[in-house]
Amino acid sequence: MKLKYLLSTNNVDLKTIDKITNENKKIIKLSGWLKTYRQQTDLFFMSLNDGSSQKNIQIIFDKNNTFCNNIQEIFDKLKKLSVGASIELEGILVKPPETSKELVELHIINILHMGIINDRKTYILSKGRVKPSIMRQHQHLRCKTNYFSAIMKIRSRSLHALNSFFDKNSFYHVDPNIVTTSDCEGAGEVFQIVAPEDKINGGKDDFFNKKSYLTVSSQLQLEAVCGGLGSCYTMNPSFRAEKSNTSRHLASFTHVEYESSFGGLDELMNLSENMIKYVIKECLEKCEDEYIFLNNYYSKGIINRLNGYLKCDFKRISYDDAIDIIHKLVKKKKLKVKVLPKWGDDLGSVCEKFLAEKYFKQPIMVYNYPKSLKSFYMKEDENNDKVVNCMDMLIPHIGELIGSSVREDNYDKLLSNMSKKNIDTKPLDWYLDLRKNGTWRHYGGGLGFERLVGLLTMDSNNFNIRDCCAFPVAYGECKY
Ligand code: 4AD
Ligand code: MG
């Protein structure tokens with residue numbers, strides 16, 4: 001039986017625990033790893049967890065008070081155990097004494113299998129809590145910790161929530177190719193793929209007859225899909241060869257990208273805000289135990305903060321307003337910056353974080369950035385040819401979570417943008433072709449999923465993107 005079901009308030013065995021007698025004892029099979037282990041002469045007290053629940057169950061063996069036949073054998077086996085060991089056992093559910101905080105205890109009557117800790121002195125998890133920063137050096141053991149397993153469970157739930165959100169809004173799930181011959185953003189930070197023979201031939205690119213890369217974004221392909229399916233999304237990984245060794249950058253991250261037809265900036269902002277709120281709500285509702293744990297020990301106040309995000313309207317400000325606010329704050333000495341961004345400059349991560357975290361204290365959506373700053377595919381504003389209809393969603397303690405825009409649907413403008421930004425049109429003939437026949441208004445965005453996990457589980461004290469996925473791959477770091 002899974003611990004999650006055993007400890008659930010719907011479990012009839014728990015509801016009727018008062019009525020269990022020697023005659024109607026129920027034998028339960030349970031497996032897991034020991035979270036605590038204590039021996040008091042003839043008595044063993046342990047807590048067990050099988051990963052299905054954030055809560056543990058107390059398991060007990062009392063040599064002098066058991067009706068099983070193989071008392072000495074069980075006793076000898078239990079002596080070999082310690083924190084972290086695995087055990088598969090049979091036991092009887094018992095109502096704990098009045099003084100106990102537990103809902104239920106399990107008294108062991110048989111041990112089926114066990115996996116002991118061979119060297120307790122060197123086993124990192126033998127003694128209590130280990131800091132997340134230290135566990136980053138032992139990634140294969142991280143899911144055994146309460147902290148990391150809570151994050152991974154919320155991560156899993158948020159993926160479900162995203163799928164369900166898109167499904168409810170008639171988006172189709174399509175994962176385009178990861179190996180590509182275009183570099184999407186034209187940013188030049190791509191990992192190149194080299195086939196074995198090509199390497200021998202001195203990098204002749206024979207395999208595909210041209211250079212190929214790991215995708216930095218599936219957006220352009222998704223736009224083509226959306227041109228028929230109406231709305232679609234992917235959960236593909238994206239790869240960035242940026243040499244950024246920060247708490248927010250990975251070299252490979254899960255990129256939730258979405259595209260939708262027949263709408264503009266308002267539809268884009270509504271969709272993006274609703275999506276984030278839907279995921280937060282689902283996670284808070286379905287991961288109650290994980291949130292209680294995080295709120296108590298690692299990310300204090302997270303439940304209130306996330307509930308606050310659900311209640312507020314995400315503030316929508318134009319890039320122009322953002323620049324004005326930054327200038328006023330710097331003048332009043334409320335914000336210190338190395339270089340003050342002027343109109344046309346990137347806001348920079350310091351200003352972005354300050355706006356969301358300190359000034360608005362909530363998620364914000366900054367729209368209509370200068371055209372010169374943004375990618376060729378973003379749609380020029382109808383009334384101002386200096387700006388494009390794009391939106392970056394900025395989150396306190398995370399920074400940029402979503403990069404998005406309305407897509408340029410005018411063939412001539414798209415071509416001119418590509419030429420101004422020195423983008424080779426040849427590999428993107430097909431993309432231009434989409435604007436030749438039946439071009440259509442459409443919009444979309446990309447969400448860094450690990451950053452979303454950071455938003456859902458961490459605060460400014462503990463946010464680190466390396467703790468938002470099981471095996472992070474980042475600049476200078478690819479251990480597994
Ligand atoms: O802003 P970006 O670069 O936008 C695009 O790639 C668009 N083509 C997306 C689209 O419109 N379909 O990336 C989108 C998001 C960022 O806001 C950030 O959350 C995340 O992807 N991201 C990263 N996450 C982790 N590590 C990195 N190195 C990241 N680079 C971007
Ligand atoms: Mg961006």
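Read the numbers this way: they start at 1 and go in the same order the structure lists the ligands and their atoms.
Close N/O approach between L401 and ligand 1 is found [any backbone or side-chain N/O within under 3.5 Å].
The distance from ligand 1 to the heavy atoms of S217 drops below 4.0 Å at these ligand atoms: 6 (O), 8 (N). Proximity to I465 (heavy-atom distance under 4.0 Å) selects the following atoms of ligand 1: 25 (C). Near Y377, with a cut-off below 4.0 Å to any heavy atom, the atoms of ligand 1 are 7 (C), 8 (N). The R248 neighbourhood of ligand 1 comprises atoms 25 (C), 26 (N), with distances under 4.0 Å to a heavy atom of that residue. Residue-ligand proximity, E242 to ligand 1, at heavy-atom distances under 4.0 Å covers atoms 28 (N). Counting the atoms of ligand 1 from 1 in the order shown, those under 4.0 Å from a heavy atom of R407 are 10 (C), 11 (O), 12 (N). Close contacts of ligand 1 with G403, meaning ligand atoms under 4.0 Å from a residue heavy atom, involve 1 (O), 9 (C), 10 (C), 11 (O), 17 (O).
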(message) Please evaluate residues Y233 and Y258 with respect to the criterion ring pair (Phe, Tyr, Trp, His ring centres under 6.0 Å), reporting the C-alpha separation (whole Å), side-chain torsions for both, the decisive distance (0.1 Å), and the verdict.
(response) CA-CA 4 Å; Y233 71 103; Y258 47 102; 9.0 Å; no
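Under the side-chain contact (heavy atoms from CB on, under 4.5 Å) test applied with E259, the options L229, L222, T234 reduce to a single match, L222.
Judged by distance alone, the side chains of H249 and Y475 never bring a donor and an acceptor atom under 3.5 Å apart. Judged purely by distance below 3.5 Å, without hydrogens or angles, the side chains of N389 and N368 pair a donor atom with an acceptor atom. S31 and D50 are not linked by any side-chain donor-acceptor pair at a separation below 3.5 angstrom, with hydrogens and angles left out of the test.
Counting backbone and side-chain atoms alike, E400 contributes an N/O/S atom closer than 2.8 Å to the Mg ion (ligand 2).
Relative to atom 10 (C) of ligand 1, the option among P472, A241, G446, S404 with the closest non-hydrogen atom is G446.
When non-hydrogen atoms are compared, ligand 1 lies under 4.0 Å from the side chain of E257 (C-beta onward) but not from its backbone. If you look at R451 next to ligand 1, the close heavy atoms, those under 4.0 Å, all belong to the side chain.
Aromatic pair F166/F171: centroids less than 6.0 angstrom apart. When ring centroids are compared, F449 and H255 stay outside the 6.0 Å threshold.
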